[in-house]
2 protein chains.
Amino acid sequence: MATGRTHRPATRSRGIPEATVARLPLYLRALTALSERSVPTVSSEELAAAAGVNSAKLRKDFSYLGSYGTRGVGYDVEYLVYQISRELGLTQDWPVVIVGIGNLGAALANYGGFASRGFRVAALIDADPAMAGKPVAGIPVQHTDDLEKIIKDNGVSIGVIATPAGAAQQVCERLVAAGVTSILNFAPTVLSVPDGVDVRKVDLSIELQILAFHEQRKAGEEALALAEAEAVVEVSEESGKGPDGDVPAVMPA
Amino acid sequence: MATGRTHRPATRSRGIPEATVARLPLYLRALTALSERSVPTVSSEELAAAAGVNSAKLRKDFSYLGSYGTRGVGYDVEYLVYQISRELGLTQDWPVVIVGIGNLGAALANYGGFASRGFRVAALIDADPAMAGKPVAGIPVQHTDDLEKIIKDNGVSIGVIATPAGAAQQVCERLVAAGVTSILNFAPTVLSVPDGVDVRKVDLSIELQILAFHEQRKAGEEALALAEAEAVVEVSEESGKGPDGDVPAVMPA
DNA sequence: CCATCTTTGTGCACGCGTTCACAAAGACAT
DNA sequence: ATGTCTTTGTGAACGCGTGCACAAAGATGG
């Protein structure tokens, strides 16, 4: 998952746990694939495998939505697709704007996954006057000056921020002031928003850093195991504070 | 955070909780900003605000790393930057390869956040022969045929998959076979990997769907509050199963 | 109609993560 | 040296999420 989440921990929406909501799109994708192969029904075991989760967890997740399965048979694929889509609010079309049409913004505009399910790129917005009018993914880029008007004319409530970090907070404030209440933030900044506005954060660099941590641990364990196997262990104590010189790749304990 | 996570839930690394690891990059970024402004020390309260978290949580997170603060004063910014960097394994350089140089792959290659802190784009790989040799972000794209050689020559252990969904699993298997043990997956697929390989998933479409859920709930609550205010409530019962026609935007209870 | 078999839905226990609240520790002034 | 004041570090309580294990429910066959 992209990682960072900025969420109201308080109100759970109609009793559906946040963790379950986060998995519904996963189930939906797996179900859609089954639907395209004209598979009529699926068991919790099969679907769980396809979605990469535990089958008990899947059943509990679905139990929050209602009793949509048939014991002894499984779940009706089409019906479940419909129910989850409805629950996620994907039966209606959500117009979204993307602000910041750099490399990432352009990639997002071209990303098929948006249009495919419930989302429509209503407008692309950039601060660079040279970009104005230039079509990206078939949509002409508009200038930031018109941001408020674009939001209101299109009834946009979801905004995607793909600007540099420095511009993100200001863009965010203008989006919110214009009526946007959900923001997907790709800029490496902590956005502060008023209550009632949801922010989700996708941070590429953070994901890599988390991987690096595990990678380092794996390397450390490997080397440690190796050292133990050789049974030649010399421990050089190092104490005190302050950025002292290099630290050995394999640290004791 | 992008959402999806595929992780060994079992082994906690040297006692540092996964949730804490996921926040360390956040702290590091805030600390780096302070460092650039030559701020010498910072309190848990201030740093927590900058990172967008609770101060108690931050202190507990740091307590897993050791006692790096000074009571009555706060934390030494430079020292903490060093300690967190070391903990995350960012004092060494991690060569990464990006596979799939479409819009997204190109955006990732150009993304400054990688190079800035511990990561180096060692190679760009694409299956399209027409791309071969073409420079993206100053790095010539190489063909998939040479994937194994590239991984081994550069000692790459972290791979980024930005291919279409259909190619992802196959690319993943080749990466793993060649020695990659950490994967950042942007393709909308569930990757299956052997034990010992970490996968983190960033799924743009899922993030939007989660936002849509909350957005729908907000709209529903608003409309419900409105209806209640008018005190004109007619409940039309609707039961039974099956994809019955349209569902009213505001559903009773 | 009854028995058997499959699969759902869920009660329960456990563990992780979060938050509160406070004692311990150190800086600083007198 | 002593007292005060600030801020850390952490024990303890709580709540959420996960997974086990099983009873309930329905399909299916005789």
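The chains referred to below are lettered A, B, ... by the order of the sequence lines, with proteins before strands, and numbering in each begins at 1. Computed from heavy atoms alone, side chains included, the values below leave out hydrogens, waters and symmetry copies.
In this structure, Y64(B) atom OH and dC16(C) atom P are separated by 10 Å, rounded to whole Å. Atom CG in D76(A) sits roughly 15 Å away from atom C1' in dT7(C) (whole-Å rounding). Rounded to an integer number of Å, the gap from NZ of K57(A) to C1' of dT8(C) is 18 Å. Protein atom CG of L58(B) is 13 Å distant from nucleotide atom C1' of dT7(D), rounded to whole Å. To the nearest angstrom, P of dT8(D) lies 11 Å from CG of L80(B).
Each of F62(B) and D61(A) lies near DNA chain D, and the nucleotide nearest F62(B) is the one positioned closer to the 5' end.
Computed from C1' positions of five pairs at each end, the angle between the two local axes of the helix from dC1(C)-dG30(D) to dT30(C)-dA1(D) equals 10°, rounded to 10 degrees.
Within the 4.5 Å cutoff, the side chain of F213(B) has no heavy atoms near those of the L90(A) side chain. With a 4.5 Å cut-off on side-chain heavy atoms, Y68(A) and D76(A) do not count as touching. For the pair L88(A) and L28(A), the minimum side-chain heavy-atom distance is below 4.5 Å.
Residues of residues 29-50 of chain A having a heavy atom closer than 4.0 Å to DNA chain D: none are found.
Closest non-hydrogen pair, T181(A) versus K218(B), comes out as O-NZ, 2.6 Å.
Side-chain N/O atoms of R59(A) include none lying less than 4.0 angstrom from OP1 or OP2 on dA24(D).
Within a 6.0 Å radius of CD in E173(A), more than 12 heavy atoms belonging to other residues, nucleotides or ligands are found. Under a cut-off of 6.0 angstrom, the local environment of CD in Q92(A) is crowded, with over 12 non-hydrogen atoms contributed by other residues, nucleotides or ligands.
S35(A) meets the side chain to side chain donor-acceptor pair (under 3.5 Å) test with E78(A); sequence neighbours excluded. Applying the ring-ring contact (aromatic ring centres under 6.0 Å, His included) rule to F62(A) yields the partners Y27(A), Y75(A); only residues at least two apart in sequence or on another chain are considered. S44(A) is linked by a side chain to side chain donor-acceptor pair (under 3.5 Å) to R59(A), counting only residues two or more places apart in sequence or in another chain.
Y75(B) comes within 4.0 angstrom of the backbone, heavy atoms only, and of no base.
You won't find any donor-acceptor pair under 3.5 Å spanning the side chain of K60(A) and the base of dT18(D), going by distance alone.
Between the side chain of E46(A) and the backbone N or O of S43(A), at least one donor-acceptor pair lies under 3.5 Å. Q216(A) contributes a side-chain N or O that, together with a main-chain N or O of R86(B), makes up a donor-acceptor pair within less than 3.5 Å.
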Sugar-phosphate means primed atoms, P, OP1 and OP2; the rest is base. With that split, encode nucleotides 25-30 of chain D 5' to 3' as B, S or - using protein heavy atoms under 4.0 Å.
B-S---
